[in-house]
Amino acid sequence: MSTSAEDRSALLAIAVDIAREAGRVAAEGQAGIDVLDTKSTPTDVVTEMDRAVEELIRERVLARRPDDSVLGEEGADETGSSGVRWIVDPIDGTVNYLYGREDWAVCIAVEAEGRTVAGVVAAPVRGDLYTATLGGGAYCNGERLAVAPPVPLDMALVATGFGYSARRRAQQAEVLRTVLPRVRDIRRGGSAAVDLCGVARGRTNAYYERGLNPWDWGAAALIAQEAGARVGGLHGAPPNPDLTIAAPPGLFEELHDLLAGLGADTDGPEGG
Ligand code: IPD
């Protein structure tokens, strides 16, 4: 389905309604939350709330748009006929959520013709609601977002994150060993979506991470892009699980070239 600016705004309005409700429910459930299950490793956790919030979002989307598809981190995988797909991370930053920390977010991206056309990242404990539509700009709580003014790599505050497997982390530490002395400093916030929104808001200059999934970057990559960042993988690829980089043009290329040379899109010589 090809979308007009009005279609995108209408889809965003639905996403915002649902993300606000989901964020409220998740925030109310944070105190005293415990681990329900684990995924790729014992530290890759799922809480009862990850599942309950994803189910709530799935139900709300399909109640309003029954012919759409829904893909979610916790397993939602509905295929509809409309050509519109909702990509959902019920709680990005689950470990922060588990530890009673503030930086976690409900993320909803809406895709049409394979492109993200609307996205919302709700970080309810922070009181931040980030939104964007393709071509329509990015906002936080209604205020227009713009990336920080350009800086060279050695003056850049760079956010990153780490995967859950020991092998991947060993390689990420190797990459960081070279990156750290070449930048202003590093931040590890614990939510890829909040990190990408941080670039959009000028709270960091750049962000990179290996191992993200479409639900981690979907909404937030559009927000960063609409705020003026370039968001992509290596060598002209779109954001992908091998590597996602976000930074204003110029800094993006500098960071890209450094990371490409370090094998930041691999798990090291033995890990592939
Ligand atoms: C994780 C967070 C974290 C990032 C991990 C992600 P989850 O998402 O975004 O910051 O470093 O790569 O898996 O598991 O909390 O939804």
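Atoms within each ligand, like the ligands themselves, are counted from 1 in listed order. The shown structure was predicted, so the numbers you read here are calculated from the model rather than taken from an experiment. Along the sequence shown, residues are numbered consecutively beginning with 1.
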Review item, side-chain donor-acceptor pairs of residues 132-145, under 3.5 Å, at least two apart:
from : atom 1 : to   : atom 2 : distance (Å)
N141 : OD1    : L129 : N      : 2.8
N141 : ND2    : G127 : O      : 3.0

Can you give the donor-acceptor pairs under 3.5 Å from side chains of residues 107-119 to other protein atoms, not counting sequence neighbours?
from : atom 1 : to  : atom 2 : distance (Å)
E111 : OE1    : R85 : NE     : 3.2
E111 : OE1    : R85 : NH2    : 3.2

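A salt bridge links D185 with R187: at least one charged nitrogen is closer than 4.0 Å to a carboxylate oxygen. Electrostatic pairing of E54 and R51 does not count as a salt bridge here, judged by no charged N lying under 4.0 Å from a carboxylate O.
T94 and D50 share a donor-acceptor pair across their side chains, judged by distance under 3.5 Å alone.
Contacts of A123 classified as side-chain contact (heavy atoms from CB on, under 4.5 Å), with partners at least two apart in sequence or in another chain: A105, R126, D128.
The immediate protein surroundings of ligand 1, defined as residues with any heavy atom under 4.0 Å of it, consist of E73, D89, I91, D92, G93, T94, G161, F162, Y164, R188, G190, S191, A192, E209, L212, D216.
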